[in-house]
Amino acid sequence: ATLIIDEAYKDIMQAAGLGADIIYFPRRAINASGIIGKAGKAANFIAAIRKTRPALSIAVEGDKVSQRFLPLSSCEVSIGPDNRYCNNFTLKLPLRQTKHHVFYDYEVVSQEIAGTATPPRYVKLTASAQAPQALSCVLQDKLPFPGNAYVILHPCATKDYKQWPTEYFARVAEFLLAQRINVIATGAGEFDRATIEQLLKISHSPIVSVHDQLNLRQFIALLTNATAFIGNDTGPTHLAASCGIPTFAIFGPTDEFLWGPIGDNSTIARSQVACEPSCLRRKCAENYRCMQTLLPETLIQKLNSCL
């Protein structure tokens with residue numbers, strides 16, 4: 001089997017160690033090229049796919065890349081989700097995202113191909129041999145309690161309505177540091193920078209920020225050796241769960257039944273105070289009380305089980 005993956009996920013695929021042949025879609029190189037360059041890189045990508053002589057192609061996501069390139073792969077049969085991007089495919093599978101976790105839609109594809117359902121699970125991510133040494137250079141002389149355990153806080157979120165109050169993260173950090181457990185705050189990009197700067201300003205404890213200091217390989221190494229991870233409804237929370245560490249995911253307006261991290265090591269933290277019926281993710285009459293009423297003490301109580 002050959003996997004076709006966006007090059008942005010190359011480090012994750014290497015950490016997954018699947019042992020499969022992989023062709024990476026050169027999105028960045030195509031976007032950075034002129035018209036002739038785009039055409040040349042796209043042609044090389046198509047040639048690499050055709051060289052595998054596929055009899056069957058499966059578009060798991062069913063996105064624009066699948067729509068444009070898989071029909072050119074010379075495969076005999078193409079399978080994809082029943083959406084507008086897979087109109088020309090041989091078989092379109094109706095997915096059931098509103099009935100179960102979106103991850104379980106992959107089970108539908110498995111059932112169609114193999115005849116039996118394979119319960120989805122995260123692939124366990126492991127750090128590369130070089131990553132821990134590179135990570136230690138980043139953390140050198142920064143931890144207030146060298147040699148002690150550390151917990152990762154990811155106080156950032158791509159959407160404001162997914163973000164637990166930063167002062168709540170600060171209170172969790174103060175609790176951990178009082179136990180002589182190191183606290184490392186993670187994030188990337190300008191949007192995350194403002195959140196982490198606020199966290200450091202609010203807190204009176206020595207939180208270590210590695211904002212914009214880690215590549216993906218180093219971040220996976222950081223996760224692999226952490227005692228626990230606490231984060232909002234974001235991609236890094238799913239990466240933490242994939243590394244097998246205790247992962248505490250904070251949810252409010254979004255539905256953990258559909259979007260929460262899966263696995264026995266994942267714990268959902270949610271307030272018992274319900275949202276208003278009229279509450280929308282982007283507009284809330286009650287100032288997102290589902291997030292405001294999830295107090296740090298509740299999360300600390302959950303966290304105590306793995307400290």
(request) Among residues two or more places apart or on two chains, list those pairs meeting salt bridge (charged side-chain N to carboxylate O under 4.0 Å, His left out) that have a residue in residues 163-177. (result)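 Qualifying pairs: R171-E297.
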(message) If the condition is side chain to side chain contact (heavy atoms under 4.5 Å, CB included), which residues does P144 pass it with, not counting sequence neighbours?
(response)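 If we apply the side chain to side chain contact (heavy atoms under 4.5 Å, CB included) test to P144, skipping adjacent residues, the hits are L177, N182, P206, V208.
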(message) Checking T158 now: which residues fulfil side chain to side chain contact (heavy atoms under 4.5 Å, CB included) with it, not counting sequence neighbours?
(response)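 With neighbours one apart ignored, the set is K162.
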(message) So, using salt bridge (Lys or Arg N to Asp or Glu O under 4.0 Å) as the criterion, who are the partners of E197 when residues are at least two apart?
(response)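 So E197 forms no salt bridge (Lys or Arg N to Asp or Glu O under 4.0 Å) with any residue.
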(request) Could you tell me which residues satisfy salt bridge (Lys or Arg N to Asp or Glu O under 4.0 Å) with D212, sequence neighbours excluded, listed by chain and number? (result)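 For D212, the residues satisfying salt bridge (Lys or Arg N to Asp or Glu O under 4.0 Å) (neighbours in sequence not counted) are R193.
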(request) Only pairs at least two apart or in different chains count here, so list each ring pair (Phe, Tyr, Trp, His ring centres under 6.0 Å) that has a residue in residues 135-156. (result)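 As it turns out, there is no ring pair (Phe, Tyr, Trp, His ring centres under 6.0 Å) pair with a partner in residues 135-156 once direct neighbours are skipped.
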(message) Show every ring pair (Phe, Tyr, Trp, His ring centres under 6.0 Å) that has at least one partner inside residues 171-211, sequence neighbours left out.
(response)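 Sorted pair list comes back empty.
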Please name the pair of heavy atoms, one in [X] and one in [Y], separated by the smallest distance, quoted to 0.1 Å.
| X | Y | result |
| --- | --- | --- |
| A241 | N265 | O-ND2, 3.3 Å |
| G80 | F89 | N-CD2, 3.7 Å |
| A240 | F229 | CB-CG, 3.5 Å |
| G260 | I268 | CA-CD1, 4.4 Å |
| G187 | D192 | CA-OD2, 3.5 Å |
| M291 | P165 | O-CD, 4.0 Å |

(request) Check whether any side-chain heavy atom of T247 lies under 4.5 Å from a side-chain heavy atom of I245, and answer yes or no. (result)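 Yes, side chains in contact.
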(request) Kindly indicate whether the side chain of L91, heavy atoms from C-beta on, has any atom under 4.5 Å from the side chain of V77. (result)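 Result no, sub-4.5 Å side-chain heavy-atom pair not found.
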Got a list of side-chain donor-acceptor pairs under 3.5 Å for residues 126-139, not counting sequence neighbours?
unit_1 : atom_1 : unit_2 : atom_2 : d
T126   : OG1    : A15    : O      : 3.4
S128   : OG     : A131   : N      : 3.3
S136   : OG     : Q133   : O      : 2.6

May I ask you to check whether over 12 heavy atoms, not counting those of [X], lie within 6.0 Å of atom [atom1]?
| X | atom1 | answer |
| --- | --- | --- |
| D264 | CG | no |
| Y9 | OH | no |
| K38 | NZ | yes |

Side chains of residues 44-57: which donor-acceptor partners sit under 3.5 Å, not counting sequence neighbours?
unit_1 : atom_1 : unit_2 : atom_2 : d
N44    : ND2    : G40    : O      : 3.4
R50    : NH1    : L72    : O      : 2.9
T52    : OG1    : I49    : O      : 2.6

(request) Just do the side-chain contact (heavy atoms from CB on, under 4.5 Å) check on L125 and L239 with the steps written out, would you? (result) CA-CA 8 Å; L125 301 182; L239 285 179; 3.7 Å; yes
(message) Does anything in residues 215-234 form a side chain to side chain donor-acceptor pair (under 3.5 Å)? List the pairs, not counting sequence neighbours.
(response)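 Applying side chain to side chain donor-acceptor pair (under 3.5 Å) to every pair that reaches into residues 215-234, excluding sequence neighbours, yields D11-R217, D233-T254, T234-T237.
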(message) According to side chain to side chain donor-acceptor pair (under 3.5 Å), does anything in residues 62-76 pair up with another residue at least two apart or in another chain? List the pairs.
(response)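 Residue pairs with at least one partner in residues 62-76: D63-S66.
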(request) Take F248 and V172 through the test side-chain contact (heavy atoms from CB on, under 4.5 Å) and record every step on the way to the result. (result) CA-CA 12 Å; F248 298 86; V172 173; over 6 Å; no
Which donor-acceptor pairs under 3.5 Å do the side chains of residues 298-307 make with protein atoms, sequence neighbours left out?
unit_1 : atom_1 : unit_2 : atom_2 : d
N304   : ND2    : I300   : O      : 3.4
S305   : OG     : K302   : O      : 2.8

(request) Please test I5 against K10 for side-chain contact (heavy atoms from CB on, under 4.5 Å), starting from the C-alpha separation and ending with a verdict. (result) CA-CA 8 Å; I5 306 291; K10 188 172 184 177; over 6 Å; no
